[in-house]
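In what follows, a single structure is set out as structure tokens and then discussed.
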Amino acid sequence: MNRNTAIKIIAAALPAAFFAALAGGMGIALLAQRKTIKSMTAMQQQINDYNSTTTTTVTYESILVDRFYERGGQKILLKDEVYGQIWLPVLEDVPLSTHPLEQLKEENDRMVSYDSYGSINAMTGIDISVYNEVYDWDAVKADGIDFVMMRVGYRTYGGGQIKKDTAFQQNYKAAKEAGLLVGAYFFSQAISIEEAIDEAIFTAQQLEGLELDFPVVYDWEIIYDDDARTDAVAVDVLTDCTLAFCQHMESFGYQPMIYQNKRTSLLKLDLPRIQDYPFWLAEYGDGPTYIYDYDMWQYTCTGTVDGIKGAVDINLSFYDYSKEGAPAIARPATPSTETTTGTTTE
């Protein structure tokens with residue numbers, strides 16, 4: 001065999017030797033891998049066996065949730081036709097209600113308010129206009145009514161004309177003769193400061209020469225069931241009108257007051273700007289959900305009072321405006337029907 005032949009034989013044998021060695025290495029690696037997998041499987045089985053004999057109990061306990069409800073974080077919840085429940089933040093610079101709901105009670109179809117000592121702390125009143133037929137003012141007084149708020153006039157919501165309430169003068173005279181305390185209100189549809197001033201001047205002219213016991217009230221209302229000139233009045237414009245009327249009535253020597261319902265008050269009035277004036281809240285039911293303070297509360301428009309034909313608005317006033325400084329009401333509660341011997345009188 002010559003040298004060249006030997007080289008060829010060696011070269012041909014090299015690939016076979018290489019692949020044989022490679023196959024042997026791979027076999028060793030696979031064997032090691034199988035051993036490792038077998039070890040891991042055994043270890044996992046040991047873990048499973050341990051878990052099956054050992055039970056760890058997890059307990060979940062309730063904790064007090066901090067909602068961060070400082071004054072400015074409280075919510076006023078309202079219902080909206082589109083969004084359902086909606087909310088407003090509570091204004092920090094407007095006083096909160098001082099009339100706890102638990103102190104408001106319904107007795108003999110009338111709402112009564114008590115203070116923390118059990119004394120009655122509100123007077124009962126009605127508000128009327130030409131649409132209410134009062135045929136016996138003495139009967140009204142005898143039925144527990146203390147005061148009457150009477151409409152002096154109104155502005156039409158279509159054309160914007162100012163008109164007087166044709167029953168005001170007659171109602172005023174008859175109510176005073178019956179010994180009732182009297183206040184007044186103007187139904188506004190003003191859309192500018194100038195119109196609100198005109199309404200104040202008109203109101204003062206109608207009241208000239210008459211003595212009032214209760215405030216003169218600015219009653220601006222949204223017209224819900226028809227198109228009205230006030231539909232697009234802006235928040236600042238409405239607030240400006242309210243202040244213009246109140247400030248002018250004050251300059252004429254009267255105690256002004258603002259009447260508004262809960263929703264319009266929250267959505268259409270800049271409350272911090274008007275908080276210096278007494279507030280008359282309209283919210284029907286057995287207790288206001290209005291969060292801010294109020295001085296009078298109109299709680300129904302379907303009340304019944306002796307001497308008046310048909311339904312009438314009934315109110316509570318927490319202040320006696322007929323007295324100097326408008327003191328808070330403090331009357332003893334209705335005497336008990338029990339006698340000193342413990343028997344019940346009929």
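- Rounded to the nearest 0.5 Å, atoms NE2 (H99) and OG (S97) are 5.5 Å apart.
- Few gaps surround CG on D231; more than 12 heavy atoms of other groups in view lie less than 6.0 Å from it.
- Atom-to-atom distance recorded for D227:CG and T230:OG1 is 10.5 Å, nearest 0.5 angstrom.
- By the 4.5 Å heavy-atom criterion applied to side chains, P95 and Q275 are counted as neighbours.
- Distance alone, capped at 3.5 Å, is enough to place a donor-acceptor pair between the D146 side chain and the T124 backbone.
- Evaluation of the side chain to side chain contact (heavy atoms under 4.5 Å, CB included) rule for Y135 yields K309 as partners, not counting sequence neighbours.
- Residue S119 comes nearest to R331 through the heavy atom pair CB-O, 3.1 Å, listed as atom of the first residue, atom of the second, then distance.
- Under the 4.5 Å side-chain criterion, counting only non-hydrogen atoms from C-beta, F252 is in contact with I201.
- Rounding to the nearest 0.5 Å gives a distance of 7.0 Å between CG of L316 and CG of L104.
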Under the side chain to side chain donor-acceptor pair (under 3.5 Å) criterion, do E250 and Y277 qualify, and how do the steps go? CA-CA 10 Å; E250 198 169 30; Y277 295 102; 3.2 Å; yes
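- Two different hydrophobic clusters hold Y157 and F202 under the rule that ILVMFWY side chains link at heavy-atom gaps under 4.5 Å.
- A donor-acceptor contact shorter than 3.5 Å is absent between the side chain of D270 and the backbone of D236.
- Formation of a donor-acceptor pair under 3.5 Å by the R155 side chain with backbone atoms of S188 is not found in this model.
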Can I191 and V237 be said to form a side-chain contact (heavy atoms from CB on, under 4.5 Å), step by step? CA-CA 7 Å; I191 58 175; V237 172; 5.6 Å; no
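- The closest side-chain heavy-atom distance from L88 to L267 is below 4.5 Å.
- Under the 4.5 Å side-chain contact rule for hydrophobic residues, Y284 and L78 do not share a cluster.
- Considering only heavy atoms from C-beta on, W137 stays 4.5 Å or farther from E177 through its side chain.
- Closest non-hydrogen pair, A175 versus V182, comes out as CB-CG2, 4.0 Å.
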In sequence, state the C-alpha distance, the side-chain angles, and the governing distance for Y321 and D213, and then conclude on side-chain contact (heavy atoms from CB on, under 4.5 Å). CA-CA 6 Å; Y321 290 97; D213 310 290; over 6 Å; no
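- Looking only at side-chain heavy atoms (C-beta outward), F214 and S317 come within less than 4.5 Å of each other.
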Under the side-chain contact (heavy atoms from CB on, under 4.5 Å) criterion, do T300 and M111 qualify, and how do the steps go? CA-CA 10 Å; T300 184; M111 294 304 298; over 6 Å; no
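- In plain terms, the two heavy atoms of Y117 and D115 that are nearest each other are N-OD1, 2.9 Å.
- Heavy-atom neighbours of K164 NZ from other residues, nucleotides or ligands within 6.0 Å: at or below the threshold of 12.
- Aromatic ring orientation, Y290 versus Y292: perpendicular (interplanar angle above 60°, classes split at 30° and 60°).
- Of the inter-residue distances, the one linking Q169 atom CD with L207 atom CG reads 8.5 Å to the nearest 0.5 angstrom.
- Side-chain N or O atoms of Q189 include none that pairs as donor or acceptor with a backbone N or O of I223 at under 3.5 Å.
- Between atom SG of residue C246 and atom OH of residue Y218 there is a gap of 8.5 Å, rounded to the nearest 0.5 Å.
- In this structure, A184 and L212 approach most closely via the heavy-atom pair CB-CD1, 4.2 Å.
- D320 contributes no side-chain N or O that, together with a main-chain N or O of I329, makes up a donor-acceptor pair within less than 3.5 Å.
- One finds a salt bridge joining R273 and D240 here, because a Lys/Arg side-chain nitrogen approaches an Asp/Glu carboxylate oxygen to under 4.0 Å.
- Hydrophobic clustering keeps V235 apart from L91 (ILVMFWY residues linked when any side-chain heavy atoms are closer than 4.5 Å, directly or through intermediates).
- Under the 3.5 Å distance criterion, with hydrogens and angles disregarded, a donor-acceptor pair is assigned to the side chains of Y259 and Q298.
- Y185 and W280 have perpendicular rings, their planes meeting at more than 60° on a 0 to 90° scale where under 30° would count as parallel.
- L269 is not listed as a side-chain neighbour of T264, based on a closest heavy-atom distance of 4.5 Å or more.
- Between I128 and N171, the shortest heavy-atom contact is CD1-ND2, 3.6 Å.
- Between the Q260 side chain and the W220 main chain, a donor and an acceptor come within less than 3.5 Å of each other.
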Under the criterion side-chain contact (heavy atoms from CB on, under 4.5 Å), I'd like the reasoning laid out for N261 against I222: C-alpha separation, chi angles, the key distance, then a yes or no. CA-CA 10 Å; N261 65 59; I222 290 176; over 6 Å; no
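- Note that the CG atom of N132 and the CG atom of D127 stand 7.5 Å from one another [nearest 0.5 Å].
- V130 and F187 fall into different hydrophobic clusters, where Ile, Leu, Val, Met, Phe, Trp and Tyr are joined by side-chain heavy atoms under 4.5 Å apart, directly or via other members.
- Between the side chain of R151 and the backbone N or O of A167 there is no donor-acceptor pair closer than 3.5 Å.
- Y224 and V233 fall within a single hydrophobic cluster, where Ile, Leu, Val, Met, Phe, Trp and Tyr are joined by side-chain heavy atoms under 4.5 Å apart, directly or via other members.
- A donor atom on one side chain and an acceptor atom on the other are not found under 3.5 Å apart for K163 and T156.
- Residues Q85 and K75 form no side-chain contact, since every pair of their non-hydrogen atoms from C-beta on lies 4.5 Å or further apart.
- A salt bridge is defined here as a Lys NZ or Arg NE, NH1 or NH2 lying under 4.0 Å from an Asp or Glu carboxylate O, and D143 with R110 meets this definition.
- Nearest heavy-atom pair, Y254 versus E208, reported as atom, atom and distance to 0.1 Å: OH-N, 4.4 Å.
- For E133 (side chain) and G310 (main-chain N/O), no donor-acceptor pair under 3.5 Å exists by modelled atom type.
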